[in-house]
2 protein chains.
Amino acid sequence: MGNPESGDAVEAREKILETAARLFAEHGYENTSISQVARAAQVSKALIFWYFDTKEKLYRSALRKTLEPYIIAIDDLDGRDEQGQIERLIELFAEFVNENVYSVRFFLSMVLQGEHQPDDVIRRVSELYRVFRNLIADIIAGGQSRGVFGQHCNPQLDAAMIMAALDGVLVQNFLSTEFVHDAGEMIAHLKASLLPRLLRADH
Amino acid sequence: MGNPESGDAVEAREKILETAARLFAEHGYENTSISQVARAAQVSKALIFWYFDTKEKLYRSALRKTLEPYIIAIDDLDGRDEQGQIERLIELFAEFVNENVYSVRFFLSMVLQGEHQPDDVIRRVSELYRVFRNLIADIIAGGQSRGVFGQHCNPQLDAAMIMAALDGVLVQNFLSTEFVHDAGEMIAHLKASLLPRLLRADH
DNA sequence: GTCTATATACAGATAGAC
DNA sequence: GTCTATCTGTATATAGAC
């Protein structure tokens, strides 16, 4: 599996990629120079260009690497009622964001600033988001036809609302210092606030 | 009030400031060069340094200028019941964000990225936010003592929740293309979802 | 106050030795 | 593959004429 001439060829490439992914996520595209990456990865600038040709391509490769752990395993939804399933999805989403704070924060600020948004990366992220929302919408629709949720529910809109609230809590969490309540408490409150409204009994 | 030598001295300074504020908000600190600002404001680079010494100081001055319209007039709250007051505050917040989309979006991405955050600017913005949240918390607490809202309410936490949901809706709105529902519809849904829970009757 | 011309630094990128 | 040395562009900032 190794190269004939040099044993750690792949490792240098990997180290550049890891370092670049970290630095880009921490300081953004324009705030990160090839020289910085080279210094931090302990290689020469030229080597970075040897592997990645341009700064732009390095950036794209680094982002793609960052996306690798972006998978949410939705396993244990069976055996729960509709409300329980949605609650579990909310928890999974919060956990996911928590495990990827730095990169999620970075993607968010990337999209907000609107510059240097490789299309494929944006697509992956927003697809993940949409899958999640549709999952919730489907559960609501299913619960509706089973008579658990009322006809006043609008699956797509209610799912979007839950996601929005979730986003808000997590964004506030990013801004931490100034925003008092901790995420766990807020997530619990979110469930208590939004889910009862869906049930058929009241309204 | 004019200078003896040059009639439009102040206007050049103002033009630089306006232009810088716009460009910084559109492209960020690192993506905006003094040369760009000079070209867009139709003055020489040197003049910018004459007035503002360094790029950093120009940035700070531009941000301070951006903050000037950051005032929310809370006038017509009297004559409404508690729920009506909160609904009105939600509308005011949404209107405010809508009238300042570009700069709000910019401040958000600035805080998220964590770099180039002049302390005084951050303070102003987060103070505005806190005032708003406390206003809602006070209304909830007042409604509680008047018996309109139930004892299960937690004024600070419920206010934070409302603000979080509001944030989420508005952030989703920034990301527009990928996120289906329009802000007005979501705001209406937000009121319908969160406020009934506060009332004493149910629960 | 406003300009042109310039100093200085560092960015991205290339050439070529090993 | 990995390096040193260098090219070229552009950034912030300054000097000095008007």
Side-chain angles (χ1 to χ4, degrees), chain A residues 1-63 65 110 113 115-118, chain B residues 1-63 65 110 113 115-118:
Chain A
M1 279 300 188
N3 300 49
E5 299 297 340
S6 170
D8 42 20
V10 177
E11 288 165 35
R13 211 192 114 103
E14 275 306 296
K15 190 166 187 189
I16 293 169
L17 219 39
E18 277 171 34
T19 310
R22 202 190 75 235
L23 292 182
F24 280 134
E26 278 174 17
H27 311 118
Y29 182 80
E30 302 290 342
N31 287 304
T32 307
S33 71
I34 301 285
S35 310
Q36 279 172 261
V37 177
R39 215 173 308 129
Q42 290 170 298
V43 299
S44 68
K45 282 199 290 180
L47 189 62
I48 297 182
F49 284 101
W50 168 259
Y51 280 122
F52 300 99
D53 279 18
T54 66
K55 187 185 179 182
E56 185 68 30
K57 286 184 189 168
L58 171 64
Y59 183 65
R60 294 180 130 86
S61 303
L63 285 195
K65 189 178 175 60
M110 188 177 77
Q113 191 150 345
E115 241 147 323
H116 280 289
Q117 309 189 0
Chain B
M1 281 303 187
N3 301 49
E5 300 297 340
S6 169
D8 43 19
V10 178
E11 287 164 37
R13 212 193 112 103
E14 275 306 296
K15 190 165 187 191
I16 293 169
L17 219 40
E18 276 171 34
T19 310
R22 201 191 75 234
L23 292 182
F24 280 134
E26 277 174 19
H27 312 117
Y29 182 80
E30 302 289 341
N31 286 305
T32 308
S33 71
I34 301 285
S35 311
Q36 279 172 262
V37 177
R39 215 173 309 129
Q42 290 171 296
V43 298
S44 69
K45 286 196 287 181
L47 188 62
I48 297 183
F49 285 101
W50 167 261
Y51 280 122
F52 299 100
D53 278 19
T54 67
K55 188 186 179 183
E56 185 68 31
K57 286 184 189 169
L58 171 64
Y59 183 66
R60 295 182 130 85
S61 303
L63 285 195
K65 188 178 176 58
M110 188 177 76
Q113 190 149 346
E115 240 147 324
H116 280 291
Q117 309 189 359

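In what follows, every chain begins at residue 1, and chains take the letters A, B, ... in the order their sequences are listed.
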Requested in this report: Would you kindly give the CD-to-P distance between Glu56(B) and dA13(D), to the nearest whole Å?
Outcome: 9 Å

Query raised in the report: Is the closest basic N to carboxylate O distance between Glu11(B) and Lys15(B) below 4.0 Å?
Result: no

Query - Atom pair distance, as rounded to whole Å: CD in Gln36(B) and P in dT12(D) - result: 8 Å

Query - Proximity to the side chain of Lys55(B) - top-ranked nucleotide from dG1(D), dA13(D), dA13(C) - result: dA13(D)

**Report entry** Euclidean distance, atom NE2 of residue His27(A) to atom P of dA11(C) [Å, nearest integer]
**Finding:** 14 Å

Report summary line: Side-chain contact check for Ser33(B): nearest option of dT2(C), dA11(D), dA15(D) is dA11(D)

Report task. Go through dA13(D), dC3(C), dG1(D) for me and flag the one nearest to the Val43(B) side chain. Result -> dC3(C)

Requested in this report: Calculate the interatomic distance between Glu30(B) atom CD and dC10(C) atom P; express it in whole Å.
Outcome: 14 Å

Report task. Sort out for me which residue in Met110(A), Glu56(A), Glu115(A) forms a side chain to side chain contact (heavy atoms under 4.5 Å, CB included) with Tyr29(A). Result -> Glu56(A)

Query raised in the report: dA11(D) phosphate, OP1 or OP2: any side-chain N/O from Ser35(B) under 4.0 angstrom?
Result: yes

Report summary line: Heavy atoms of Ile34(B) and Lys55(B) approach each other most closely as CD1-CG, 3.8 Å

Query raised in the report: Closest nucleotide of DNA chain C for Phe49(A) versus for Lys45(B): which of these residues is on the 5' side?
Result: Lys45(B)

Query raised in the report: Rounded to whole angstroms, how far apart are CZ on Arg39(B) and P on dC3(C)?
Result: 14 Å

Query - Rounded interatomic separation in angstrom, taking CG from Leu47(A) and P from dA5(D) - result: 17 Å

Report task. Establish, with yes or no, whether the OP1 or OP2 oxygen of dT2(D) is under 4.0 angstrom from a side-chain nitrogen or oxygen of Ser44(A). Result -> no

Report task. May I have the distance from Glu11(B) (atom CD) to dT2(C) (atom P), rounded to whole angstrom? Result -> 10 Å

Report task. Look at Lys65(A) together with Glu14(A) and state whether they make a salt bridge at an N to O cut-off of under 4.0 Å. Result -> yes

Query raised in the report: Picking from dT12(D), dG12(C), dT2(C), which would you name as closest to the side chain of Ile34(A)?
Result: dG12(C)

Query - Whole-Å gap separating P (dA13(D)) and CG (Leu58(B)) - result: 10 Å

Report task. Mind listing the closest non-hydrogen atom pair of Lys45(A) and Ala38(A) along with its distance? Result -> N-CB, 3.8 Å

**Report entry** Nearest-nucleotide pick for Ala46(A), side chain only, options being dA15(C), dA13(D), dT2(C)
**Finding:** dA15(C)

